[in-house]
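Right, one structure below, let's go through it.
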Amino acid sequence: QGHLAESGGGSVQAGGSLRLSCTASGYTYSNYCMGWFRQAPGKEREAVATIYPGGAKTYYADSVKGRFAISRDNGRNTLALQMNILQPEDTAMYYCAKGRSSGFCYDFEPGKFDLWGQGTQVTVFS
């Protein structure tokens, strides 16, 4: 059950910013970890950032620490990813995902997430 829908992708010059959004429906959003993942052509899907149900704890891939920020609004069932200082290597399809539980949100394994959005493309050109 449930549905996730991402928005906010696009093309941006290196050094620029984008903000991705994800709207959840069909389940009790505030009970679960959430995450952002990305997949570039020819590469495996990788975690970008995750967040605990309450929003107080967040985790980031080393490649995006200090540049990206994940946040959630449990009142609106939304998840956001603010991406700053974007680089060409950030180019990928970005997905939001629902965790299987409320704990262990630091676990970046895609198998720990059981609901995925359709993705939104981010392209960074130099």
Report yes or no: does [X] contribute a side-chain atom to a donor-acceptor pair with the main-chain N or O of [Y] at less than 3.5 Å?
X      : Y     : answer
Thr120 : Tyr94 : no
Arg76  : Thr23 : no
Arg72  : Tyr52 : yes

Between atom [atom1] of [X] and atom [atom2] of [Y], what is the distance when rounded to the nearest 0.5 Å?
X      : Y     : atom1 : atom2 : value
Asp114 : Tyr32 : CG    : OH    : 7.5 Å
Thr58  : Lys65 : OG1   : NZ    : 10.0 Å
Ile85  : Asp90 : CD1   : CG    : 10.0 Å
Ile51  : Ile70 : CD1   : CD1   : 5.0 Å

Inset, instruction - Tell me yes or no: between the side chains of Ser17 and Asn84, is some donor less than 3.5 Å from an acceptor? - result: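 Yes, because at least one side-chain N or O of Ser17 sits under 3.5 Å from a partner of the opposite role on Asn84.
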
Using every non-hydrogen atom in the two residues, find where [X] and [Y] come nearest and quote the distance to one decimal.
X      : Y     : result
Asp73  : Tyr29 : O-CE2, 3.9 Å
Met34  : Lys98 : SD-CA, 3.6 Å
Gln39  : Lys43 : NE2-O, 3.1 Å
Leu79  : Gly35 : CD2-O, 3.8 Å
Ser102 : Pro53 : O-CD, 3.3 Å
Met83  : Leu86 : CB-CD2, 3.8 Å

Under the rule for side-chain contact (heavy atoms from CB on, under 4.5 Å), what residues qualify as partners of [X], not counting sequence neighbours?
X      : value
Ser71  : Arg19, Ala80
Gln121 : Thr91, Met93, Thr123
Asn31  : Thr28
Ser63  : Arg38, Ala61

Could you list the donor-acceptor pairs under 3.5 angstrom formed between side-chain atoms of residues 5-13 and any protein atom two or more places apart in sequence or on another chain?
residue, atom, partner, partner atom, Å
Glu6, OE1, Gln118, N, 3.0
Glu6, OE1, Gln118, NE2, 3.4
Glu6, OE1, Gly119, N, 2.8
Glu6, OE2, Cys96, N, 2.9
Glu6, OE2, Gly119, N, 3.3

Legend entry - Val48 and Leu81: CA distance, side-chain angles, deciding distance, side chain to side chain contact (heavy atoms under 4.5 Å, CB included) verdict: CA-CA 9 Å; Val48 173; Leu81 184 69; 4.2 Å; yes

Inset, instruction - Go through the steps for Leu18 and Val124 under the test side chain to side chain contact (heavy atoms under 4.5 Å, CB included), then give the verdict. - result: CA-CA 10 Å; Leu18 282 174; Val124 184; 6.0 Å; no

Legend entry - Test: Arg67 cationic atom under 6.0 Å from Tyr60 six-membered ring centre, within 45° of axis: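 Because its charged atom misses either the 6.0 Å distance or the 45° angle limit, Arg67 does not stack over Tyr60.
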
Legend entry - Within 45° cone and under 6.0 Å: Lys57 NZ/CZ vs Tyr106 ring: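 The answer is no; the distance or angle limit is not met.
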
Legend entry - Side-chain touch Tyr27/Leu4, heavy atoms, less than 4.5 angstrom: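 With C-beta onward as the side chain, the pair touches.
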
Legend entry - Sub-4.5 Å side-chain heavy-atom contact between Cys22 and Trp36: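 Yes, side chains in contact.
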
Legend entry - Qualifying residues under ring-ring contact (aromatic ring centres under 6.0 Å, His included), relative to Phe37, sequence neighbours excluded: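 Counting only residues at least two positions away or on another chain, Phe37 forms a ring-ring contact (aromatic ring centres under 6.0 Å, His included) with Phe113, Trp116.
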
Legend entry - is_close_aromatic(Phe108, Tyr59), centroid dist under 6.0 Å: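 No.
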
Legend entry - Phe104 atom CZ, over 12 foreign heavy atoms within 6.0 Å: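 No, the 6.0 Å shell around CZ holds no more than 12 heavy atoms from other groups.
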
Inset, instruction - Count the heavy atoms of every other residue, nucleotide or ligand shown that sit under 6.0 Å from CD of Glu44, and state whether that count exceeds 12. - result: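 No, not enclosed.
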
